[in-house]
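Structure record follows, encoded as structure tokens.
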Amino acid sequence: MDFSRKLMVPPDKQIKLAKFDPADTLGYQNDKKIEAKLNKTIKRLDQLQDLLYAEKKRALLIVLQGMDAAGKDGTIRHVMSGVSPQGCSVKSFKVPNSQELAHDFLWRIHKAIPERGMIGIFNRSHYEDVLVVRVHKLVPKEVWKARYDEINRFERNLEENDVKILKFFLHISREEQEKRFQERLHDPRKKWKFSKSDAAERKLWDDYGTAYEAVLSRCSTEYAPWFIIPSDHKWLRNLAISRIIAETLEEFDMHYPKSPESS
Ligand code: AMP
Ligand code: MG
């Protein structure tokens, strides 16, 4: 299956999340065959990343967004498990510090963009500036409203400078989030992940849904597409994301430089 085509949000399409099933398995079953398919994709990603690194012609930026417990950390751990850490960077975006707040909202983002040859992963991103910021009214409405176009322009500029951007929305159901919160609360190895604010944020589920719908409807472009990943099943999430990354890198048609001189 062509996962990219199946899960990509077409540009300018009005998205209603209720129409997307977070527990969709796309016709697959979690069996030995799927495990083999995932392992094969992870191996292929390692080869593709090595080529990307050798060529140094382009960078790949992977943006991960989703509600709390949607699986951003888990995705990074599984999907990137095969690639060389040398060619990969991960940046988690938290509440901006005072220096970051003294700049425009894209300042800290631009500094973290991967260089040519690298895969960069964003755990949260500039989209927080139209998500948490919108939901909590951290800036006036006219400020966050202008940001969708600003983001599109910024991403187009990156694309024109050889940064390929893939944006994944990890779509989970409210029930699945509750289940994962309960696990976090009761598993001593997971408890640290639960923060008091998570419960408060959960009450704002619908507001976040509306904010995500605006992002997906306005900021999925040909040059930086969004993908809605059904994420209630972690195995399907991992398979879908790793396949989309592999499909994108395959399209680059990369070759090893012949000699150091010609690179
Ligand atoms: P976590 O990903 O669980 O470590 O939490 C990071 C927190 O930082 C989340 O609650 C985000 O909503 C918050 N955060 C990230 N970016 C921003 C931003 N630009 N403005 C306000 N809060 C943010
Ligand atoms: Mg959290």
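Just follow the structure's listing: the first ligand is 1, and inside any ligand the first atom is 1. The basis for the numbers below is simple: all heavy atoms, side chains too, and nothing from hydrogens, waters or symmetry mates. Position 1 is the first residue of the sequence, and the numbers go up from there.
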Notebook entry, point to check: In terms of side-chain geometry, is the basic nitrogen of Arg116 or Asp162 positioned less than 4.0 Å from the acidic oxygen of its partner?
Noted result: yes
Note to self: Salt bridge check, Asp68 against Arg124: does any charged N sit closer than 4.0 Å to a carboxylate O?
What the structure shows: yes
Margin query: Keeping His186 on the side-chain end and Gln182 on the backbone end, is there a donor-acceptor pair under 3.5 Å?
Written below: yes
Check: Would you call Glu115-Lys56 a salt bridge at under 4.0 Å N-O?
Finding: no
Check: Which ligand 1 atoms, with their elements, are less than 4.0 angstrom from a heavy-atom of Phe93?
Finding: 15 (C)
Margin query: Please list, in number order, the atoms of ligand 1 under 4.0 Å from a heavy atom of Val133.
Written below: 20 (N)
Note to self: Please classify the Leu131 to ligand 1 contact at 4.0 Å (heavy-atom distances, strictly less than): side chain, backbone, both or neither.
What the structure shows: neither
Check: For ligand 1, is Glu100 a contact, meaning one of its heavy atoms is under 4.0 Å away?
Finding: no
Check: What atoms in ligand 1 come closer than 4.0 Å to a heavy atom of Asp129?
Finding: 19 (N)
Margin query: Does only the side chain of Pro96 get under 4.0 Å from ligand 1, or the backbone, or both, or neither? Count heavy atoms.
Written below: side chain
What side-chain donor-acceptor pairs closer than 3.5 Å can you find for residues 71-87, not counting sequence neighbours?
from  : atom 1 : to     : atom 2 : distance (Å)
Lys72 : NZ     : Gly66  : O      : 3.1
Lys72 : NZ     : Met67  : O      : 3.4
Asp73 : OD1    : Asn123 : ND2    : 2.8
Asp73 : OD2    : Lys193 : NZ     : 2.8
Thr75 : OG1    : Gly71  : O      : 2.7
Thr75 : OG1    : Arg237 : NE     : 3.1
His78 : ND1    : Gly74  : O      : 3.0
Ser81 : OG     : His78  : O      : 2.8
Ser84 : OG     : Gln86  : N      : 3.2

Margin query: Whether Glu176 and Arg180 form a salt bridge (side-chain N of Lys/Arg under 4.0 Å from carboxylate O of Asp/Glu) is what I want to check.
Written below: yes
Note to self: Need the ligand 1 atom indices (1-based, order shown) with element for anything under 4.0 Å from a heavy-atom of Arg108.
What the structure shows: 16 (N), 17 (C), 18 (C), 19 (N)
Check: Looking only at heavy atoms, is any part of Lys94 under 4.0 Å from ligand 1, and if so is it the side chain, the backbone, or both, or is it neither?
Finding: both
Check: Between Ser125 and ligand 1, is there a nitrogen or oxygen pair with a distance under 3.5 Å?
Finding: no
Note to self: So, applying side chain to side chain donor-acceptor pair (under 3.5 Å) with His126, which one of Glu150, Glu155, Arg108 is it?
What the structure shows: Glu155
Check: Can an N or O of Asp68 be found at a distance shorter than 3.5 Å from an N or O of ligand 1?
Finding: no
Margin query: Going by the closest heavy atom to atom 3 (O) of ligand 1, which one wins out of Lys72, Arg124, Glu128?
Written below: Arg124
Next item on the list: Of the side chain and backbone of Val95, name the one, both, or neither that has a heavy atom under 4.0 Å from an atom of ligand 1.
Entry: both
Next item on the list: Decide, yes or no, whether a salt bridge links Arg218 with Asp12 under the criterion of side-chain N to carboxylate O below 4.0 Å.
Entry: no
